[in-house]
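Data first, discussion second: the structure below is written as structure tokens.
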Amino acid sequence: MIREEDNGDTLALQEVAHEFAERTLRTAGEQADATGETPWPAVRAAGELGLSAPNVPEEFDGPGIRATAVATVMEELGWGNFGVAATIGSASIVAAALLIAGTEEQRQRYLHRLCSTEEPWVGALALTEPESGSELEIALKDQPQRLATRAERTPEGYRLRGAKRFITNGGMADLTVLLAATGSQEEPAGWSLFLIEKGTRGLRAGRQIPTMGLRGSYTGELYLEDCLLPENALLGPEGSGLQIVLDVLQVARTMIASAAVGLARAAYETALAYSESRKQFGRPILEHEFVAGRLARMRLDIDAARLLVQRAARDLDAGRDATLSAAEAKLFASETAVRTTQDALHIHGGYGFTRDFPMEMWVRDAIVSQIFFGTSEVQLLEIAQQMAKGV
Ligand SMILES: Cc1cc2nc3c(=O)[nH]c(=O)nc-3n(C[C@H](O)[C@H](O)[C@H](O)COP(=O)(O)OP(=O)(O)OC[C@H]3O[C@@H](n4cnc5c(N)ncnc54)[C@H](O)[C@@H]3O)c2cc1C
């Protein structure tokens with residue numbers, strides 16, 4: 001269990017997360033990859049250790065750890081299994097949204113549930129729609145008319161209609177933060193965020209979307225069919241959804257980048273151990289320069305990605321804008337995960353291509369790190385925009 005006194009001690013936190021990743025996530029992730037069934041007991045077990053939403057402050061009964069320490073935890077979870085890490089991490093992302101924009105009442109109502117060590121709540125962030133993906137993830141400009149999901153004002157609150165697609169924990173989450181357009185078609189007021197509890201009438205889970213990787217994570221569809229929400233389900237002022245989303249994405253991108261570093265590290269460590277034990281031409285393959293050079297490159301990329309993640313996390317901890325640093329960390333860490341897992345597979349030769357080894361799963365898992373929370377092109381656009389602003 002994460003303790004409050006661990007907050008300043010990243011090593012102790014890392015140890016707890018690593019042990020859990022090794023003992024629970026490795027097996028759970030491999031089983032999920034084979035069956036396509038999300039390992040909810042492992043997700044719950046993470047919560048019981050305080051790993052679900054460790055960013056929840058102590059005043060709401062959470063461990064209240066800094067973003068730099070959350071990154072350390074996420075790297076270990078990603079090392080265990082990238083998909084299950086994404087599922088677990090969603091609670092932190094929802095907690096971040098509440099910490100950024102929630103009222104005191106909303107924080108009191110939800111934060112302690114997200115970080116609870118008994119039946120912790122699972123979270124979801126629902127932005128993507130069938131017709132809108134990348135444009136929701138980048139601050140080009142406020143384009144509320146493009147969002148098909150709309151929230152119409154009623155005397156009691158809001159009526160939501162629309163659909164969301166590709167949502168991690170979509171339909172399974174206890175609490176979903178969902179983006180919808182407010183105002184009318186003619187006079188859009190902007191994007192707004194809503195807090196929706198599981199079981200709310202009019203919130204319907206669609207199908208689980210079959211994916212090529214990340215099978216330790218539940219990816220689903222959500223439908224809003226005249227979903228009536230009270231006034232106090234609005235997160236932040238009406239029309240402020242875009243800015244809040246952009247702030248939340250800084251946190252989410254840093255966390256996912258960190259999990260991607262963990263995935264890359266798992267692949268590197270396995271490949272290094274294999275290259276020491278596998279002999280060809282009478283000597284371990286590590287002694288062949290091309291193999292050693294490939295491993296050196298993998299190690300360098302992982303170290304560089306981790307440094308970028310830590311820089312973004314430090315920006316978050318200092319209350320600085322992390323738009324640029326989070327985009328750079330996400331882009332580089334996801335590229336590193338893809339390259340490193342492929343290199344690790346290659347170092348295993350024919351064995352790497354078999355399902356007897358985890359490499360092929362890691363390659364499949366890594367690919368999505370370049371897609372969700374903004375594709376690589378979106379991160380590049382984000383970086384270019386910051387450049388143009390002179391940041
Ligand atoms: C497993 C998984 C889990 C996910 N989890 C979540 C979640 O929890 N919540 C959520 O809201 N969403 C989630 N997503 C959705 C994800 O964020 C989107 O798929 C992603 O943002 C891309 O959107 P899209 O699929 O609509 O692709 P599109 O936006 O249609 O993009 C298609 C291609 O065009 C490129 N492209 C688009 N616009 C531009 C541009 N302006 N310049 C250059 N290139 C461009 C893209 O980079 C991409 O290569 C998840 C997706 C997956 C696969």
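In each ligand, atom 1 is the first atom listed, and ligand 1 is the first ligand listed. Keep in mind the model is a prediction, meaning the values are calculated, not measured.
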Are [X] and [Y] close enough for a salt bridge, meaning some N to O gap below 4.0 Å?
X    : Y    : answer
E105 : R109 : yes
E225 : R201 : no
E37  : R215 : no

Exercise. Any side-chain heavy-atom pair from Q310 and T72 closer than 4.5 angstrom?
Worked result: yes
Shared hydrophobic cluster, V338 / L263 (ILVMFWY, side-chain heavy atoms < 4.5 Å):
no
Numbered atoms and elements of ligand 1 in range of [X], under 4.0 angstrom, heavy atoms:
X    : result
L214 : 1 (C)
L127 : 10 (C), 11 (O)
T375 : 22 (C), 46 (C), 47 (O)
E137 : 17 (O), 21 (O)
L125 : 7 (C), 8 (O), 9 (N), 10 (C), 11 (O)
I371 : 19 (O), 20 (C), 21 (O)
I167 : 7 (C), 8 (O), 9 (N), 10 (C), 11 (O)
F373 : 17 (O)

Among T219, L381, L136, the residue with a heavy atom nearest to atom 42 (N) of ligand 1 is L381
Nearest non-hydrogen contact to atom 18 (C) of ligand 1 from the set L178, T211, T128 belongs to T128
message = When you compare ligand 1 with T168, is there at least one nitrogen or oxygen pair between them that comes in under 3.5 angstrom?
response =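 Min N/O separation from ligand 1 is below 3.5 Å for T168.
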query = Is the closest N or O pair between E377 and ligand 1 shorter than 3.5 Å?
reply = yes
| query | Between E382 and R253, does a salt bridge (Lys or Arg N to Asp or Glu O under 4.0 Å) hold up when you go through it step by step? | reply | CA-CA 12 Å; E382 204 75 272; R253 286 173 182 164; 2.9 Å; yes
Closest non-hydrogen contact found for W79 with R26 is O-NH2, 2.9 Å
Do the ring planes of W121 and Y110 sit parallel (below 30°), tilted (30 to 60°) or perpendicular (above 60°)?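 Tilted: the ring planes of W121 and Y110 meet at 30° to 60°.
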